[in-house]
Amino acid sequence: VVDGTIVGTTAKGSPNSFLCSDKEYGDFELEFEVKVHNRLNSGVQIRSQTKDGTNEGRVNGPQVEIESSGKNGAEAGYVYGEATGRGWLTPKERLKPHKHLKDGEWNKYRVVAKGPRIQTWINGEPIEDLTDEAIYKTHPKGFIGLQVHGVGNNGPFDVAWRNIRIKDLK
């Protein structure tokens, strides 16, 4: 924690790493602010798991993408299936680069997960409204995980989160 923010910094050669909640969430509303280095891809895992429910093994489950817009826009706010074998959960025809994430600035995300439906917003702009019965069947609840994406031999790059709020939806 640095100046009231959670900061994750890449290390050369390290794999993806995650800071995960102890509590599991099913239906919830998550809000946070994030600032990401313009060369780093990151994300927030939702309803995620590890192998056999231990702290060992690969984090897997839905991930809300965090990625700087760059010159041509990016896929920030869309939903990816981290280590699920499916790749993007957002259908290809809706996976359109956009510039709603402001590079080098704090950006406000909102995520609502209710049943098989996952909705996302960035800076008040709706990004995704996904209903995916298959991922809900395998991941109806799980932890929230802040991702620092592996970068090979590049970096170091950082990502910071603040004002994280989560509310259970019953």
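Keep in mind that the numbers below use all heavy atoms, side chains included, and drop hydrogens, waters and symmetry copies. Counting from 1, the numbers follow the sequence of the chain as shown.
In this structure, L89 and L130 approach most closely via the heavy-atom pair O-CD1, 3.5 Å. A pairwise comparison of heavy atoms in A83 and R58 identifies CB-CG, 3.5 Å as the closest pair. Between T9 and P156 the shortest heavy-atom distance is CG2-CB, 3.9 Å. Residues W106 and K35 share a closest heavy-atom pair of NE1-CE, 3.4 Å. Closest heavy-atom contact between C20 and F143: SG-CE1, 3.4 Å. Residues L40 and T10 approach most closely at CD1-CG2, 3.7 Å, considering heavy atoms.
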*Worked verdict on V111 versus W121 for side-chain contact (heavy atoms from CB on, under 4.5 Å)*: CA-CA 7 Å; V111 179; W121 293 261; over 6 Å; no
*Taking it one step at a time, do V112 and L169 satisfy side-chain contact (heavy atoms from CB on, under 4.5 Å)?*
CA-CA 9 Å; V112 175; L169 300 175; 4.0 Å; yes
*Assess whether salt bridge (charged side-chain N to carboxylate O under 4.0 Å, His left out) is satisfied between R94 and E128, documenting all intermediate values.*
CA-CA 8 Å; R94 290 204 318 258; E128 179 58 293; 2.8 Å; yes
*Could you give me the CA-CA distance, side-chain angles and deciding distance for Q147 and N41, then say whether side-chain contact (heavy atoms from CB on, under 4.5 Å) is met?*
CA-CA 9 Å; Q147 181 196 51; N41 166 310; 4.2 Å; yes
*Can you list the steps and then say if Y136 with R47 is a side-chain contact (heavy atoms from CB on, under 4.5 Å)?*
CA-CA 9 Å; Y136 182 64; R47 295 178 173 163; 3.4 Å; yes
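Annotation: side-chain contact (heavy atoms from CB on, under 4.5 Å) contacts of T138 (sequence neighbours excluded): I135.
By the 4.5 Å heavy-atom criterion applied to side chains, I164 and Y109 are not counted as neighbours. Annotation: side chain of I166 is in contact with side chain of Y25 (closest heavy-atom distance under 4.5 Å). Side-chain contact between W88 and V79 is absent, with no heavy atoms from C-beta onward closer than 4.5 Å. A heavy-atom distance below 4.5 Å is not found between the side chains of P126 and Q119. Counting heavy atoms from C-beta on, the side chains of N16 and V59 never come closer than 4.5 Å. Residues H139 and N60 have side chains in contact (heavy-atom distance under 4.5 Å, counting atoms from C-beta outward).
In this structure, CD on Q63 lies 4.5 Å from CD on Q45, to the nearest 0.5 angstrom. Rounded to the nearest 0.5 angstrom, W161 CH2 and I6 CD1 are separated by 8.0 Å. The CD atom of E75 lies 7.0 Å from the CD atom of E65; values are rounded to the nearest 0.5 Å.
Ring geometry for F157 versus H37: interplanar angle of 30 to 60°, hence tilted.
Under the 4.5 Å side-chain heavy-atom criterion for grouping Ile, Leu, Val, Met, Phe, Trp and Tyr, V44 is not connected to F18 through any hydrophobic cluster. Under a hydrophobic clustering in which Ile, Leu, Val, Met, Phe, Trp and Tyr are joined whenever their side-chain heavy atoms come within less than 4.5 Å, directly or via other members, I127 and L30 fall into the same cluster.
Taking a cutoff of 4.0 Å between a charged side-chain nitrogen and a carboxylate oxygen, D103 and R39 do not qualify as a salt bridge. Ionic pairing of K167 and D27 is not present here: no N-O contact between side-chain nitrogen and carboxylate oxygen is shorter than 4.0 angstrom. E29 has a carboxylate O that lies under 4.0 Å from a charged side-chain N of R110, or vice versa, which qualifies the two as a salt bridge.
S69 places no side-chain N or O within 3.5 Å of a backbone atom of K102 that could act as its donor or acceptor partner. Under the 3.5 Å distance criterion, the side-chain polar atoms of S48 are matched with a main-chain donor or acceptor of I46. At distances below 3.5 Å, not a single donor-acceptor pair connects side-chain atoms of K23 with backbone N or O atoms of I144. A donor-acceptor pair is defined here as one N or O able to donate and one able to accept, closer than 3.5 Å; no such pair exists between the side chain of S68 and the backbone of G70.
Hydrophobic cluster of V2: the remaining members, joined at side-chain heavy-atom separations below 4.5 Å, are V7, listed by chain and number.
Residues H98 and Y78 place their aromatic rings such that the two centres sit under 6.0 Å apart.
Test N123, N163, N107, T5 against E33 for side-chain hydrogen bond (donor to acceptor under 3.5 Å, both in side chains) and you get one pass: N163.
No more than 12 heavy-atom neighbours from other residues, nucleotides or ligands sit within 6.0 angstrom of CG on D3.
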